[in-house]
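All figures in this text were calculated on a predicted structure; none of them were measured in a lab.
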Amino acid sequence: MTRFVPRDRSSYKKCFHLFRLLLMYHEPELCNFLDTKRISPESYTKKWFASVFAGNCDADVVQSMWNVYFLQADPFLIFFLGLVILVNAKDHIFTLSGEGNQVIIDSLANFPDQLEAEDVDDFCSLAQYYASKTPQSFRRDYQSMFGGTNTKDRTNNLSHELCLQVNVSELVQSTSQASADSVTYFVVDCRPAEQYNSGHLPTAFHLDANLMLQQPSEFASAVKALSAAQQQAVDAGSDAAGEHLCFMGSGREEEDQYVHMVVANFLQKKSQYVSIASGGFDALHKLLEKELATGLTGHSITTCIVCRPEMAQSEEELCEDMSQPTLAVKGAAFMGKLTSTLKSKSATVKDKMIDFIKNEVSQEDRHVSSEVVGKRYKASKMQPVFTIADDDDDNDGSSSNLSDDDRREVVNIETWLKKPEVKYKFKCQEVRDNGFMSPCNLLTTDTHMYILRDIPDRKGFAHITARRALASVAKITSKKRCPELITFKYGFLENDVLKLVSYDRLFITNAGEATKLIKQQIMTVIDSQ
């Protein structure tokens, strides 16, 4: 049985993360539904995987199933058997949307109980069908969970992956040696235009990920063109044809955070068969290093940033001190210490993409209570409030949007907008840690800042996703490439060291005006302390 059930506890836990990625690949709508309910695969598949369904099914069903299972000798078949169970029960699962989580979990866990011996052949055939529609990298990269060896074992990163990843060697093979029963890919290269023009796969469609936030209308048009080109390629049977979308970034985390947001956007729209090229263009370039002239289109040694790393532009941090002159003088000593303490590092949205699913408890606003974790900022030790940076401080802490919506206060948006204590209000988009963007309102009073996220199925109502004391704002940062993407960072001083404990990230159309007014109000609060 050790060939078919993970041998150690850590690998056993990884199975649940891998199953979720498989569900997201084939049934994104169902996966998003369960994610929204905070129902993880571990809560309902534990008995399935631990006993290979022996804990659920009658003896005659188990015997028939195991005959096929052991004959196939494929330890990954259990994932596809579980997938088929959920696919067949999808409509029933959606009818439980109004029930409590435990009712849904119990129903999910007991679905295999309904299997009968005569269902087994069809059941296993469907599982093999879904296996044939899944990237082969699914087996190759995660073999170590079942005792296999793989020099490129990626199981340790499963809980942080946004979707299934496809090895670049499989992408190249699918375009050059595609067979009727193999997975075919429509490759979407999301790098900036200058990088794409310096070398790309011959069949790759270009979609600049930066357009999503910088020029939303152009991005929407590009996505429509992508869908049309994909369908046209399939109809024509061209080498670029493929119903499976594989997004390719540069392979460098600091550049690929926008790629992850694009992928999250497609997943949010319930697009099937969405994956990311593992290692991005860097990995592709390394794979084809001996045949770059034939393997890549338009490859230029002089402008390719893999061939010439010095061509890669690293975004430098720009800081603008907009604080009061007296405040700058008072904070000079602290800023000298702060400069030597904090080291710049690239922000990575991907590392936090899936964290919100596992976080069942709302993040405590520790910075508000100075009695618990340290003192608040005073004027004598406050750093410059507004920084135009690369969102790359030592530790941003946790986003406010990780907590469960069910536990948040529901308010009437119009009532809150008309409250007399509200000084400023801005319509914006909240950028969540999973890459999704949600309409919201940013409100500011004399002392606090509130974020009201619209509730999709309750027009005119919102969840209060953040209540922030203005005195707790440590930094307001923006991206050079996308100045409308604003991050509010919160923290406290502990032993004269800045501790960032939380943040909120918003896309504000009139970001310049918004940050100016909020900064002025923050300074007013600080001066009054």
Side-chain angles (χ1 to χ4, degrees), residues 24 27-40 90 93-105 162 212-213 216 220 261 264-271 349 352-365 398-419 421-422 424-445 448-468 484-488 502-510 514:
M24 179 64 82
E27 288 291 339
E29 182 179 14
L30 179 56
C31 188
N32 285 330
F33 171 80
L34 295 175
D35 287 349
T36 301
K37 293 288 185 180
R38 302 297 194 269
I39 297 176
S40 69
K90 180 171 70 170
I93 295 172
F94 288 146
T95 66
L96 301 175
S97 60
E99 302 290 343
N101 279 15
Q102 194 56 51
V103 173
I104 300 175
I105 290 171
L162 178 61
M212 182 176 174
L213 292 181
M261 293 182 69
N265 179 267
F266 274 78
L267 293 175
Q268 189 179 29
K269 294 176 180 177
K270 307 177 182 62
S271 300
V349 175
K352 300 175 184 177
M353 287 287 188
I354 307 301
D355 287 350
F356 82 108
I357 296 173
K358 303 180 297 180
N359 193 330
E360 301 289 345
V361 183
S362 179
Q363 176 71 23
E364 182 182 359
D365 288 339
S398 300
S399 166
S400 68
N401 58 49
L402 297 181
S403 61
D404 194 340
D405 280 346
D406 293 339
R407 302 178 184 179
R408 294 191 175 118
E409 180 182 353
V410 177
V411 298
N412 183 287
I413 298 175
E414 193 63 26
T415 300
W416 269 67
L417 293 177
K418 292 181 178 179
K419 282 192 172 187
E421 61 266 33
V422 174
Y424 309 115
K425 49 196 175 186
F426 307 96
K427 190 69 179 175
C428 51
Q429 296 274 332
E430 183 181 18
V431 182
R432 306 171 72 172
D433 281 341
N434 60 347
F436 295 170
M437 298 177 67
S438 303
C440 67
N441 284 277
L442 174 63
L443 310 181
T444 305
T445 66
H448 284 74
M449 186 168 69
Y450 299 85
I451 297 176
L452 276 57
R453 182 198 298 162
D454 293 7
I455 301 176
D457 56 353
R458 295 188 63 183
K459 186 176 181 180
F461 289 87
H463 285 120
I464 300 178
T465 60
R467 293 181 177 87
R468 306 293 192 183
E484 294 86 3
L485 185 60
I486 304 297
T487 303
F488 295 91
S502 191
Y503 68 91
D504 297 304
R505 184 168 286 128
L506 304 172
F507 183 80
I508 310 174
T509 304
N510 53 339

Once rounded to the nearest 0.5 Å, what's the spacing between atom [atom1] of [X] and atom [atom2] of [Y]?
{"X": "I105", "Y": "L96", "atom1": "CD1", "atom2": "CG", "result": "11.5 Å"}
{"X": "D504", "Y": "C440", "atom1": "CG", "atom2": "SG", "result": "9.0 Å"}
{"X": "M449", "Y": "F426", "atom1": "CE", "atom2": "CZ", "result": "10.5 Å"}
{"X": "I486", "Y": "C428", "atom1": "CD1", "atom2": "SG", "result": "10.5 Å"}
{"X": "L267", "Y": "K269", "atom1": "CG", "atom2": "NZ", "result": "11.5 Å"}

Do [X] and [Y] have side-chain heavy atoms sitting under 4.5 Å apart?
{"X": "Y450", "Y": "T465", "result": "no"}
{"X": "L213", "Y": "E484", "result": "no"}
{"X": "M24", "Y": "N32", "result": "yes"}
{"X": "E409", "Y": "H463", "result": "no"}
{"X": "P439", "Y": "E430", "result": "no"}
{"X": "L506", "Y": "V431", "result": "no"}
{"X": "L452", "Y": "L443", "result": "yes"}
{"X": "F461", "Y": "V411", "result": "no"}

Margin query: With a 6.0 Å cut-off on the ring centroids, do Y503 and F488 count as close?
Written below: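 Aromatic pair excluded; centres sit 6.0 Å or further apart.
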Note to self: Evaluate H448 against R468 for side-chain contact (heavy atoms from CB on, under 4.5 Å), listing each step before the verdict.
What the structure shows: CA-CA 5 Å; H448 284 74; R468 306 293 192 183; over 6 Å; no
Notebook entry, point to check: Which one of N441, N510, I508 satisfies the side-chain contact (heavy atoms from CB on, under 4.5 Å) criterion with K427?
Noted result: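 One option only clears the test, and that one is N441.
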Of all heavy-atom pairs between [X] and [Y], which one has the smallest distance, and what is that distance?
{"X": "K90", "Y": "E27", "value": "NZ-OE1, 3.0 Å"}
{"X": "R467", "Y": "I464", "value": "NH2-CD1, 3.3 Å"}
{"X": "P28", "Y": "S271", "value": "CG-O, 3.3 Å"}
{"X": "I93", "Y": "F33", "value": "CG2-CE2, 3.7 Å"}

Checklist line | Test item: side-chain donor near acceptor, T487 and R505, under 3.5 Å | finding: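 The criterion, which ignores hydrogens and geometry beyond distance, is satisfied for R505 and T487.
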Would you say [X]'s side chain and [Y]'s backbone share a donor-acceptor pair under 3.5 angstrom?
{"X": "D454", "Y": "P456", "value": "no"}
{"X": "K418", "Y": "I413", "value": "no"}
{"X": "S438", "Y": "R453", "value": "no"}

Margin query: Checking V422 against W416 for the side-chain contact (heavy atoms from CB on, under 4.5 Å) test, could you report, in this order, the C-alpha distance in whole Å, the side-chain angles of both residues, the deciding distance, and whether it holds?
Written below: CA-CA 8 Å; V422 174; W416 269 67; 5.5 Å; no
Next item on the list: Let me see the working for Y424 and T445 under side-chain contact (heavy atoms from CB on, under 4.5 Å), right down to the final yes or no.
Entry: CA-CA 7 Å; Y424 309 115; T445 66; over 6 Å; no
